[in-house]
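Below, chains carry the letters A, B, ... as their sequence lines are ordered, and counting in each starts from 1.
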2 protein chains.
Amino acid sequence: MATIYEVAALAGVSPATVSRFFNGTTVSPEKQRAVREAAAKLAFTPNKTARRLRKQSSEVVALLIPDIENPFFTALARGVEDRAQEAGFSVVLCNTDDDPGKELRYLQIAASEQMAGVILAPASDEADLGAIASLGSPVVAVDRTTPYPVDAVKVDNRAAGIAATTALFDAGHRRIACIAGPVGIEATEDRFLGWRQVMTARRAAMPDGFLQHANFRADGGHAAMQRLLALPEPPDAVLTTNNLMGVGALQAVVEAGADPARFGLAVVGELPFLFLTPRSVVQVRLPARHLGTTAASMLLERIGGDTQPPRTVVLRAELAR
Amino acid sequence: MATIYEVAALAGVSPATVSRFFNGTTVSPEKQRAVREAAAKLAFTPNKTARRLRKQSSEVVALLIPDIENPFFTALARGVEDRAQEAGFSVVLCNTDDDPGKELRYLQIAASEQMAGVILAPASDEADLGAIASLGSPVVAVDRTTPYPVDAVKVDNRAAGIAATTALFDAGHRRIACIAGPVGIEATEDRFLGWRQVMTARRAAMPDGFLQHANFRADGGHAAMQRLLALPEPPDAVLTTNNLMGVGALQAVVEAGADPARFGLAVVGELPFLFLTPRSVVQVRLPARHLGTTAASMLLERIGGDTQPPRTVVLRAELAR
DNA sequence: GAAGTCCATGAAATCGATTTCGTCAAGGAG
DNA sequence: CTCCTTGACGAAATCGATTTCATGGACTTC
């Protein structure tokens, strides 16, 4: 790998001039040509590490998501990537597994790698954004918010929960259970609150056991659904507050021999790779990719020097079909 | 962010000693304590950029995959990540979209970022590994091989194609079509060859149109299936050479009103988030995660200085159920 | 007790870019 | 014609770590 010094020597100019050439400062035409030729001959690529050390910043942003195997987050990641790419930034994807420890580690890495910024779907409220924020790197929270004053992009989760539950009511269901995510995650908690609000307003019964907490994956939804079906008086419909739990729940319904077209299922999110799903399944489509592009845009503005007070953008989810 | 100099000053030692403390060289107990305390007080984190510049290497590996929204590749990525994590490495995920241009760009970035190594599912044979290889960073090809002499981890794709096709035969199908991926991708081409081998051996007819090429995504499989169903004498079964094309094909079968439990469908790979799929669907399970961990292990060995000649590891796929 | 090892340590060089500062020459104003 | 501004450009400092080299003291060994 050729260095700027070798290029300078070959071109008969100083390293400073080579640097200027590559960074757009004015350089006389003859020297431009000399540098261009020398660089081409040596296949020179500027060393990003050296540049980063000197400039104290990079063209890399970190994206921290809880689960890379969840299509919601990969779609979101696609959005971030596309937008960042346009602006000449690379994206580093990090899997936090909803583990605050891993999250913290990645945040520290982002800091010590001098990344230009961080987009984070926080695993917990404790996310030590303090560390990052005090560092000057901008942070944008996505999908979930944090108590720290940073930009955020989220979905109107309460409304999503309300829409989904209402749709189940409209389909004639009354005994509607809810499979919610782990406690403490604002996004899915709001969806659960939407469910409760509708249930209360419609004076529907919410017996013990109708609220199940589960991990965010399919196995969690599956187990929770089995618990619901084992109740003395099981529900005739269920709302899951994310997509993968919906997959697991549907699986459990099918396994139990119930007719999935009869049993009411509503999902906040989309059942991924949907094809044989009964039409009766209610889905509230979340703008995953859009969340990503919006978050990336906001981050890029901050990186560009925007210093307005933190904003929160709320996107609407819409009932599919 | 505190620097090593500030720590040194506070601890009353030289920067060299601080560096030695953090890198495990012998330092007297008193100075160890002094450095530890100073570092703690200043919340010192070593600047990775400076370290990387000096050491000419980093603890980051790049993983280049064609499609982050394909569960096969995310599972693979998980494998890579888990293994790398254990060894203290971070993984940077890059989406090549099966675009040789993007792939080349990311390879150059990997080079100029002085990444410790690259794991690559090549988008094309032209992948300019020359650039990377000449650089000294080790490279491991995964899922697909390349003409360059690098380590590789792949699946016995021919056998997978044979197993899937044979299963369709065993289920009584004779008019079996094949939806293959784009030409030039070795992995799926081998699967197609497996199909042809079985068809030839069993003297089954392979009329024009029974071989369809499609892009690797669900929409490609969907369109290809529609073309197959529109044939004057359509097939009664189909093999798709990857998972997402299988999703699309199944969708098309259902839409066309055919009974998916009757129409034979075999997929090399797994239908993701499978639940209502007819039991009759044949799936050849690919060890996605295992491909990832194996590739990561091989890469880590190379990073560790292993210089044996390039190896190719072939994993077996097994018929599901 | 002299000579030879070994080890902890600090000073200074180093990685490869960017950037400040100063110089020098050309061009414009008075 | 002289003074001043402007712009190109090179020398050298800088970013923050690692690493080489030199030194001085403690410890062995004969």
Side-chain angles (χ1 to χ4, degrees), chain A residues 1-36 38-39 42-60 88 108-116 135-137, chain B residues 1-36 38-39 42-60 88 108-116 135-137:
Chain A
M1 187 73 104
T3 74
I4 205 171
Y5 296 96
E6 304 172 46
V7 174
L10 183 58
V13 301
S14 78
T17 301
V18 178
S19 172
R20 289 190 184 107
F21 171 76
F22 281 103
N23 290 285
T25 327
T26 48
V27 172
S28 72
E30 321 92 84
K31 308 223 166 184
Q32 275 190 34
R33 212 172 40 76
V35 172
R36 189 177 5 254
L42 298 173
F44 169 72
T45 322
N47 181 314
K48 295 240 180 112
T49 306
R51 160 183 300 191
R52 184 183 306 185
L53 176 59
R54 180 63 231 241
K55 305 232 300 186
Q56 304 283 355
S57 87
S58 65
E59 272 92 49
V60 179
Q108 285 170 340
I109 290 179
S112 64
E113 292 273 357
Q114 288 156 300
M115 305 225 173
L135 226 139
S137 291
Chain B
M1 187 72 107
T3 74
I4 205 171
Y5 296 96
E6 305 173 44
V7 175
L10 183 58
V13 301
S14 77
T17 301
V18 178
S19 171
R20 290 190 185 106
F21 170 77
F22 281 104
N23 290 285
T25 326
T26 48
V27 173
S28 72
E30 323 91 86
K31 308 224 168 188
Q32 275 189 33
R33 212 173 39 76
V35 172
R36 193 181 357 258
L42 298 173
F44 169 72
T45 322
N47 181 316
K48 294 241 179 109
T49 306
R51 160 183 300 188
R52 182 183 307 185
L53 176 59
R54 180 63 230 241
K55 306 233 299 187
Q56 302 285 355
S57 85
S58 64
E59 273 90 50
V60 179
Q108 286 170 339
I109 290 178
S112 62
E113 293 273 356
Q114 288 155 298
M115 306 226 171
L135 226 137
S137 291

Requested in this report: List in chain and number order the residues that pass salt bridge (charged side-chain N to carboxylate O under 4.0 Å, His left out) with A:R33, two or more places apart in sequence or in another chain; answer none if no residue qualifies.
Outcome: A:E37
Report summary line: Residues in residues 14-33 of chain A with a heavy atom under 4.0 Å of DNA chain D, by number, are A:S14, A:A16, A:T17, A:R20, A:T26, A:V27, A:S28, A:K31
Query raised in the report: Where along residues 51-59 of chain A does a heavy atom fall under 4.0 Å from DNA chain D?
Result: A:L53, A:R54, A:Q56
Rounded to the nearest 0.5 Å, what separation is found between the [atom1] atom of [X] and the [atom2] atom of [Y]?
X      : Y      : atom1 : atom2 : value
A:L53  : A:K48  : CG    : NZ    : 15.5 Å
A:S19  : A:R51  : OG    : CZ    : 8.0 Å
B:K31  : B:R20  : NZ    : CZ    : 10.5 Å
B:S137 : B:E113 : OG    : CD    : 11.5 Å
B:F22  : B:T25  : CZ    : OG1   : 12.5 Å

Query raised in the report: In degrees, rounded to 10°, what is the bend between the two ends of the helix from C:dG1-D:dC30 to C:dG30-D:dC1, using five pairs at each?
Result: 40°
Less than 3.5 Å apart, which donor and acceptor atoms pair up between the side chains of residues 4-14 of chain A and the rest of the protein, not counting sequence neighbours?
from	atom 1	to	atom 2	distance (Å)
A:E6	OE2	A:T3	N	3.3
A:S14	OG	A:A16	N	3.4
A:S14	OG	A:T17	N	3.3
A:S14	OG	A:T17	OG1	3.3

Query raised in the report: Have B:S58 and B:Q114 got a donor and an acceptor in their side chains that come within less than 3.5 Å?
Result: no
Requested in this report: Using chain A heavy atoms and a threshold of under 4.0 Å, write down where along DNA chain D the contacts begin and end, 5' to 3'.
Outcome: D:dA8 to D:dG16
Query raised in the report: Which pair of heavy atoms, one from A:R36 and one from A:F21, lies closest together, and at what distance?
Result: NH1-CZ, 3.8 Å
Query raised in the report: Between A:R52 and A:E59, is a salt bridge (Lys or Arg N to Asp or Glu O under 4.0 Å) present by the stated rule, with each step listed?
Result: CA-CA 9 Å; A:R52 184 183 306 185; A:E59 272 92 49; over 6 Å; no
Report summary line: Residue pair A:I4/B:V13 against DNA chain C: nearer the 5' end by closest nucleotide is B:V13
